[in-house]
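Structure record follows, encoded as structure tokens.
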Amino acid sequence: MDDLAILGGKKTREIPFPKHPMIGEEEKKQILEVLDSGNLSTFVAAPGENFLGGKKIREFEDKFATKFGTNFAVAFNSASSALHAAVVAVGVNPGDEVIVPSYTFTSTATSALMHNAIPTFCDIKEDTYCLDPIKLSSVYSNLSKAIIPVHLFGHACDMDEIMAFAKEKNLKVIEDCAQSPGGIYKDGYLGTIGDCGVFSFQETKNMTTGEGGMLITNDENIATIARMVRNHGEMIEPTQKSRSYVSEFLGWGYRMTELEAALGIAQLSKLDYFNSERIKLAEYLSSEINKIDGLKHVKYDFVKHVYYVFAFSFNEEKIGVSRNKFCESLNAEGIPCGAGYVKPLYMNPLYLEKRSFAFKHYTGKFEYYKGLCPVTEKLHEEKVVTIAIVRPPATIDDMNDIVIAIKKILDNKEKLQT
Ligand SMILES: Cc1ncc(COP(=O)(O)O)c(C=O)c1O
């Protein structure tokens with residue numbers, strides 16, 4: 001057992017971690033109801049229907065809005081589509097800048113490019129890996145129109161500071177909650193603090209519809225424009241009896257299906273349970289990891305973290321082994337983990353070589369280059385370790401295997417240097 005698996009020893013964990021997502025009888029019943037109804041979309045309005053979607057879509061949207069206490073919820077076929085719609089709906093114009101964190105999934109930033117607006121990247125905090133509000137003023141310019149804070153891995157951004165900055169500079173705030181449904185900052189649900197919030201239901205997320213997304217807002221104008229972007233820019237009048245095919249502006253086919261909405265209804269009813277299981281597993285792992293000198297997991301007291309991913313920092317100087325070697329060894333022990341997350345987005349050719357039409361007419365000065373966000377680069381290259389299997393139906397015993405494997409590697413770290 002003592003020989004490290006990476007050096008030919010026996011693995012700590014031979015069997016795979018439990019499969020995610022959890023699909024139960026409720027999901028099956030919901031899906032069968034849709035199949036039996038024969039209505040798989042209902043956005044293509046039959047006489048008497050308007051363009052707000054089918055029965056399940058509207059039920060899912062109503063339940064989602066009720067859960068988060070907002071006036072409106074608008075379902076999409078992905079969070080990426082919802083983010084694009086949000087950028088349009090809050091009033092960003094082509095050529096404007098949208099401030100986004102440097103450490104996030106691609107579509108937080110490409111949602112701006114899709115509208116020919118320019119993402120400007122703001123560095124992140126060492127402890128939570130979320131956008132650092134202190135750095136906002138260095139990214140801001142008179143072209144800035146919106147900020148998209150991302151509650152990364154399920155931990156809330158510093159929303160008080162971000163909202164104060166947005167108010168001072170008259171910026172709109174789109175919360176990217178793809179990784180944080182049910183997360184809380186102080187006393188507010190994530191997604192309800194800014195002008196609108198966007199969620200993802202892609203398969204790995206805390207709740208899933210296979211693929212899917214949702215935008216929530218209290219602003220009727222944002223909801224209306226988001227619905228139009230979702231449906232080819234077509235106007236929706238509650239009294240409208242048949243489809244007009246009149247596009248008021250550029251939209252696209254971003255509609256969710258009835259099957260996805262049906263899954264969403266069942267999954268939403270379990271979201272609190274899924275999150276509480278994630279929290280239980282993560283708190284156990286966090287307490288064990290924080291006992292080890294050189295490893296650190298941080299959660300702020302006033303935040304409900306919903307642990308889409310369990311991430312922690314690895315201190316190479318203290319431990320004397322590189323983060324990459326540690327992650328390779330942990331994977332070899334049968335514990336899937338990542339060395340970092342997505343590389344800083346501005347390091348992609350899309351930005352370095354400005355491979356988007358949006359840049360052609362851009363009059364601002366923002367540039368993309370290695371070194372732009374030094375905290376992100378250091379965290380990504382040397383420090384961050386990500387573990388995605390901290391989720392039900394995994395158990396504390398499964399978490400214990402992670403702890404045993406980490407301790408085994410650190411107890412044998414000298415062998416990794418030869
Ligand atoms: C932070 C963030 N934003 C946006 C998205 C896009 O979500 P979707 O896959 O539903 O388009 C993701 C997906 O992983 C994400 O993690």
Just do the salt bridge (Lys or Arg N to Asp or Glu O under 4.0 Å) check on R323 and E381 with the steps written out, would you? CA-CA 8 Å; R323 186 276 316 260; E381 282 156 23; over 6 Å; no
[Y] side chain reached by [X] side chain, heavy atoms, under 4.5 Å:
| X | Y | result |
| --- | --- | --- |
| F153 | Y307 | no |
| L113 | Y351 | yes |
| F68 | L190 | no |
| V87 | I148 | yes |
| S81 | W252 | no |
| D398 | P18 | yes |
| M159 | E175 | yes |
| I6 | L416 | yes |

Ring centroid separation for [X] and [Y], is it under 6.0 angstrom?
| X | Y | answer |
| --- | --- | --- |
| F310 | Y308 | no |
| H232 | Y254 | no |
| Y368 | F359 | yes |
| Y129 | Y341 | no |

For [X], I'd like to know if atom [atom1] has over 12 heavy atoms of other residues, nucleotides or ligands within 6.0 Å.
| X | atom1 | answer |
| --- | --- | --- |
| I134 | CD1 | no |
| K125 | NZ | yes |
| E14 | CD | yes |
| D36 | CG | yes |

Under 3.5 Å, is there a donor on one side chain and an acceptor on the other for [X] and [Y]?
| X | Y | answer |
| --- | --- | --- |
| N221 | T224 | no |
| R255 | N77 | no |
| T376 | D123 | yes |
| Q267 | T209 | no |
| Q202 | K205 | yes |

Heavy-atom pair with the smallest gap, counting every atom of [X] and [Y]:
| X | Y | value |
| --- | --- | --- |
| A266 | Q30 | CB-CG, 4.1 Å |
| V90 | I222 | CG1-CD1, 4.0 Å |
| N218 | F72 | O-CE1, 3.8 Å |
| C130 | C157 | CB-SG, 3.9 Å |
| P336 | G334 | CD-O, 3.5 Å |
| N275 | G182 | ND2-CA, 3.9 Å |

Over 60° means perpendicular and under 30° means parallel, so tell me whether F60 and F201 are parallel, tilted or perpendicular. tilted
Over 60° means perpendicular and under 30° means parallel, so tell me whether H155 and Y300 are parallel, tilted or perpendicular. perpendicular
What is the distance from atom [atom1] of [X] to atom [atom2] of [Y], rounded to the nearest 0.5 Å?
| X | Y | atom1 | atom2 | value |
| --- | --- | --- | --- | --- |
| I15 | R13 | CD1 | CZ | 4.0 Å |
| I292 | L410 | CD1 | CG | 5.5 Å |
| C337 | I406 | SG | CD1 | 8.5 Å |
| L268 | I265 | CG | CD1 | 9.0 Å |

Derivation and outcome, salt bridge (Lys or Arg N to Asp or Glu O under 4.0 Å), residues E277 and R391: CA-CA 7 Å; E277 286 297 294; R391 61 192 177 196; over 6 Å; no
Under 6.0 Å from the six-membered ring centre of F274 and within 45° of its axis: does the NZ or CZ of R278 meet both? no
Ring-face cation of K186 near F302 (centre distance under 6.0 Å, axis angle within 45°): yes
Measure from the side-chain N and O atoms of [X] to the backbone N and O of [Y], and report whether any donor-acceptor pair falls under 3.5 Å.
| X | Y | answer |
| --- | --- | --- |
| S107 | T110 | no |
| T257 | E260 | yes |
| N206 | V306 | yes |

Would you check, one step at a time, whether the test salt bridge (Lys or Arg N to Asp or Glu O under 4.0 Å) holds for E61 with R58? CA-CA 5 Å; E61 290 179 339; R58 291 191 225 174; over 6 Å; no
In a check of side-chain hydrogen bond (donor to acceptor under 3.5 Å, both in side chains) between S286 and each of K296, K291, K299, H297, which one passes? H297
Under the side chain to side chain contact (heavy atoms under 4.5 Å, CB included) criterion, do E377 and K370 qualify, and how do the steps go? CA-CA 8 Å; E377 291 181 23; K370 183 156 175 56; 3.3 Å; yes
Check the pair I389 / I402 against side chain to side chain contact (heavy atoms under 4.5 Å, CB included), numbers first and verdict last. CA-CA 10 Å; I389 48 178; I402 303 176; 4.1 Å; yes
